[in-house]
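Counting starts at 1 for both ligands and their atoms, in listed order.
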Amino acid sequence: MVANQSSKRTIKIGLLGFGVVGQGVWKHLTADRSALEQRLGVKLELARAAVSDLSKKRDVRVAKSKLTDDPQTIVDDPSIDIVCELIGGTKLARKLTLDALKAGKIVVSANKALICDYGEEIFACARKHGTHYFFEASVAGGIPIIKTLREGLVANRFPLIYGILNGTSNYILTRMEREGLSFEDIVGDARALGYVEADESLDLDGWDAAHKAVILAYLAHGRWVKLKDMLVEGIRDITQHDITYARELGYKIKLLAVITRDFDSNRLSVRLHPALIPAREMMASVDEVFNGISLTGDVVGTTLLVGRGAGQDATASAVISDIADAVHALLGAPAPIICEEDAEVYADLGAGVELASPSDIHASYYLRLRVKDQPGVLAKITEVLSEQGVSIASMIQHEELSSRSATLLFTTHESNEHVMGETLKRLKKLKTVIDAPFLLRIFES
Ligand code: HSE
């Protein structure tokens with residue numbers, strides 16, 4: 001039965017944080033409100049938004065009376081039903097989130113760092129207080145990956161999930177690939193376009209995508225993985241040598257999250273690093289600021305989701321989908337099929353799972369060395385590789401006559417992290433090796 005206009009319940013929404021995403025949510029909830037109200041059978045009221053600076057000029061027009069610089073007043077307002085935490089960071093965000101959940105409000109969040117570090121505590125708090133914490137916008141922006149894992153692919157176990165989870169690094173790698181420019185050349189443009197997070201390390205050293213990988217690993221495997229137990233590498237050291245040689249060999253370089261679970265040994269591996277992937281793979285065509293996630297389920301086979309992983313509108317789309325779920329829950333609908341507050345469901349998913357050490361990774365490798373261009377140098381290097389049991393699959397040398405140096409680029413047959421780590425240590429000690437050797441993994445799904 002559709003409620004008539006006057007009998008519809010009014011759901012009040014408060015926003016904590018009014019930056020790019022917060023303003024996007026406000027803008028779309030204002031512009032599309034009647035359509036959403038029609039679909040959800042309620043009236044929606046944007047009650048208030050907490051900002052850091054009341055005097056700041058904003059693109060989205062909001063009555064002054066709707067803004068506050070004290071986010072706690074939103075959390076403490078008993079008339080507000082749904083709180084959207086969009087301030088980022090972990091300290092204040094954690095306090096406000098827990099306070100809102102304790103007050104019985106539903107919290108919607110885009111905060112991957114918070115979930116990665118405090119997800120267990122937050123889910124337990126939501127459960128204890130009979131409410132919900134929704135976080136579709138925390139991973140891959142507008143791609144509905146959380147709902148896909150939790151609902152659409154509920155029939156599956158996932159031996160492999162991998163993908164591109166950071167739009168900024170994908171933008172930089174794409175432009176390096178297309179324009180032949182260096183990382184330093186492109187990162188300046190990415191900054192100017194506002195793509196790089198204020199804490200640049202999140203995008204450039206892989207931490208943002210690692211946070212997202214931790215969340216996906218929990219949803220798929222019921223196990224929280226600590227960042228300190230993961231291999232996490234970013235894109236800063238990638239050069240045109242790497243991109244060009246990868247292309248010659250039929251690969252593209254992408255920053256990949258890789259989550260594997262071997263259901264026989266019950267070992268889970270979660271890692272984040274740049275990798276050479278075959279150019280023929282659809283994932284290799286996920287360029288610019290787009291994200292892509294490939295899920296291999298034991299029932300469905302492989303499914304690839306591609307879309308905008310960041311940006312105002314895509315992220316607002318995900319936040320609003322969580323607001324819609326929150327409205328349903330407030331109207332008494334049962335919780336989602338699998339709900340993160342259901343600790344038992346996740347304990348069951350993760351039963352007996354052991355975390356693989358990064359040193360257990362097996363792969364073929366790409367190796368770059370800058371060496372003195374002298375007789376016997378190549379022989380010495382191949383001797384080290386041979387003694388370490390590393391089999392060379394291909395090799396190319398680029399001479400730099402002006403500096404009497406050469407760049408050697410190798411790919412190897414399958415080896416492992418331990419062997420390659422030892423190999424790098426030995427190569428580094430050679431007097432003829434000029435810069436630190438650089439290693440990338442080759443990922444064939
Ligand atoms: N810095 C992130 C990215 C924003 O580039 O993907 C979305 O999490």
Side-chain angles (χ1 to χ4, degrees), residues 16-25 84-90 93 108-117 119 134-146 148-149 161-177 183 186-219 227 232-236 238 253-258 272-274 283 286-294 305-322:
L16 309 178
F18 206 58
V20 174
V21 178
Q23 290 183 62
V25 171
C84 300
E85 185 275 292
L86 306 169
I87 51 175
T90 54
V108 169
S109 173
N111 193 334
K112 53 258 171 185
L114 183 71
I115 302 166
C116 181
D117 288 352
F134 295 129
F135 50 96
E136 184 61 72
S138 65
V139 182
I143 302 176
I145 181 61
I146 309 289
T148 298
L149 269 171
I161 298 173
Y162 79 96
I164 297 164
L165 299 179
N166 182 266
T168 304
S169 51
N170 204 31
Y171 168 83
I172 294 169
L173 289 174
T174 303
R175 284 200 53 201
M176 286 174 73
E177 159 96 32
F183 170 83
I186 310 289
V187 79
D189 284 356
R191 284 188 192 110
L193 287 164
Y195 289 168
V196 188
E197 305 258 359
D199 175 357
E200 296 201 344
S201 187
L202 288 168
D203 288 324
L204 307 182
D205 298 315
W207 298 111
D208 168 79
H211 290 145
K212 296 167 181 168
V214 167
I215 296 172
L216 293 185
Y218 178 71
L219 295 177
L227 291 177
V232 179
E233 291 176 6
I235 62 162
R236 286 186 205 262
I238 293 170
I253 298 176
K254 294 290 183 188
L255 182 68
L256 283 193
V258 181
L272 189 287
H273 54 72
M283 186 67 76
V286 177
D287 283 332
E288 301 183 22
V289 292
F290 281 77
N291 281 194
I293 306 167
S294 169
L305 284 83
V306 177
R308 291 184 186 279
Q312 184 171 69
D313 297 329
T315 312
S317 164
V319 170
I320 293 169
S321 85
D322 276 348

How close does the nearest protein non-hydrogen atom get to atom 6 (O) of ligand 1, and which residue and atom is it? Gly167 N, 2.8 Å

Numbering the atoms of ligand 1 from 1, which are under 4.0 Å from a heavy atom of Glu197? 1 (N), 2 (C), 4 (C)

Counting neighbours of CZ on Arg175 that are heavy atoms of other residues, nucleotides or ligands and sit closer than 6.0 Å, is the number greater than 12? yes

Given that the side chain starts at C-beta and the backbone is N, CA, C, O, which of these parts of Thr168 lies under 4.0 Å from ligand 1, counting heavy atoms, or is it both or neither? both

Can you find an N or O of Asn291 that's nearer than 3.5 Å to an N or O of ligand 1? no

At under 4.0 Å between heavy atoms, is it the side chain or the backbone of Asn166 that contacts ligand 1, or both, or neither? both

For a salt bridge (Lys or Arg N to Asp or Glu O under 4.0 Å) check, start with the C-alpha distance between Lys254 and Asp287, then their side-chain angles and the critical distance, and finish with the verdict. CA-CA 9 Å; Lys254 294 290 183 188; Asp287 283 332; 2.7 Å; yes

Atoms in ligand 1 flagged as close to Asp203, the criterion being non-hydrogen separation under 4.0 Å: 1 (N), 2 (C), 3 (C), 5 (O)

Test item, Gly309 contacting ligand 1 (heavy atom, 4.0 angstrom): yes

Spatial distance of atom CG (Leu216) from atom NE2 (His211) [nearest 0.5 Å]: 13.0 Å

Without swapping roles, check the side chain of Asp205 against the backbone of Gly234 for a donor-acceptor pair under 3.5 Å. no

Contact check, side chains of Ile293 and Leu165, non-hydrogen atoms, under 4.5 Å: yes

Number the atoms of ligand 1 from 1 as they appear, then name those within less than 4.0 Å of a heavy atom of Lys112, with their elements. 7 (C), 8 (O)

Tell me which one of Leu272, Ile172, Val289, Asp203 satisfies side chain to side chain contact (heavy atoms under 4.5 Å, CB included) with Asn166. Asp203

Is the closest N or O pair between Ala310 and ligand 1 shorter than 3.5 Å? no

Check Ser109 against Glu85 and note the closest heavy-atom contact, atom names and distance. OG-OE1, 3.4 Å

